[in-house]
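The structure appears right after this line, and notes come after that.
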Amino acid sequence: QVQLEESGGGLVRPGGSLRLSCAASGVFGSITTMSWYRQGPGQQRDLVAYITHSGDTHYGDFLRGRFTISRDNSKNTVYLQMNGLKPEDTALYLCNADASDPTNHNHYRTFWGEGTQVTVSS
């Protein structure tokens, strides 16, 4: 029904920047909240940030103002601008979206992408 494709991950030195993208495709009514999660080696999956359809945002406390989430509703795409990257930011970053059924716009389901790897190392 909904596919999420992440891109933009890679290897970067400490203090560097990356911009992640997640594009939604498939058959759905509309997408409300879109989120980024991350999971490092041997760690739990934590919320990085989320953004509503109208643009309200929320960030995880551990980010300390270094990340910015945004979206382009015309492209069904969410972005994550990451600045001042640290080795502890190394993780698989996963995209999440809540989408309504095409025939019932009041029924929502949650969908996940497969993730894009971010590695911060000198």
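No experiment lies behind these values; they were computed from the predicted model shown.
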What pairs of donor and acceptor atoms, side-chain ones from residues 75-82 against any protein atom, are under 3.5 angstrom apart with sequence neighbours left out?
from: Thr77; atom 1: OG1; to: Lys75; atom 2: O; distance (Å): 2.9
from: Gln81; atom 1: NE2; to: Asn83; atom 2: OD1; distance (Å): 3.0

*Give the minimum heavy-atom separation between Ile31 and Ala24, together with the two atoms involved.*
CD1-CB, 3.3 Å
Below 3.5 Å, can you tabulate the donor-acceptor pairs from side chains in residues 113-122 to any protein atom, sequence neighbours excluded?
from: Thr116; atom 1: OG1; to: Gly9; atom 2: N; distance (Å): 3.2
from: Gln117; atom 1: NE2; to: Ala91; atom 2: O; distance (Å): 3.3

*Greater than 12 external heavy atoms within 6.0 Å of Glu5's CD*: no
*Can you see which heavy atom on Gln1 is nearest to which on Pro102, and at what distance?*
NE2-CD, 3.6 Å
_Test your reading of the model: is there a side-chain donor-acceptor pair from Thr57 to the backbone of Ile51, 3.5 Å cut-off?_
no
*Using the side chain to side chain contact (heavy atoms under 4.5 Å, CB included) rule, take Arg71 and Cys22 through it: C-alpha gap first, then chi angles, then the decisive distance, then the call.*
CA-CA 9 Å; Arg71 66 189 290 169; Cys22 172; over 6 Å; no
*Any Phe111 side-chain heavy atom under 4.5 Å of Gln3 side chain*: no
*Looking at residues at least two apart in the chain, or sitting in another chain, which of them share a side chain to side chain contact (heavy atoms under 4.5 Å, CB included) with Asn106?*
Asn104
*Heavy-atom check, side chain of Pro87 versus side chain of Arg13, under 4.5 Å*: no
_Joint hydrophobic cluster, Val48 plus Ile69, side-chain heavy atoms closer than 4.5 Å_ = yes
*Candidate pair Gln39 and Asp46, rule side chain to side chain contact (heavy atoms under 4.5 Å, CB included), full reasoning*: CA-CA 6 Å; Gln39 186 169 13; Asp46 294 322; over 6 Å; no
_According to a hydrophobic-cluster definition based on side-chain heavy atoms being under 4.5 Å apart (Ile, Leu, Val, Met, Phe, Trp, Tyr only), do Leu47 and Met34 belong together?_
no
*Arg38 vs Tyr93, side chain to side chain donor-acceptor pair (under 3.5 Å): CA-CA, chis, key distance, verdict*: CA-CA 4 Å; Arg38 72 183 187 184; Tyr93 284 72; 2.9 Å; yes
*Check whether any side-chain heavy atom of Tyr37 sits under 4.5 Å from a side-chain heavy atom of Trp112, and report yes or no.*
yes
*Does the side chain of His105 reach to within under 4.5 Å of the side chain of Ser100, using non-hydrogen atoms?*
yes
*Does some side-chain heavy atom of Leu18 sit less than 4.5 Å from a side-chain heavy atom of Leu85?*
yes
*Distance-only polar pair, side chains of Thr103 and Asp101, donor-acceptor under 3.5 Å*: no
*Among Val2, Asp98, Thr33, whose side-chain contact (heavy atoms from CB on, under 4.5 Å) with Thr110 holds?*
Asp98
*asked:* Check for me, please, whether Phe67 and Val12 land in the same ILVMFWY cluster - side-chain distances under 4.5 Å, paths through other members count.
replied: yes
*For the rings on Tyr50 and Trp36, is their centre-to-centre separation under 6.0 Å?*
no
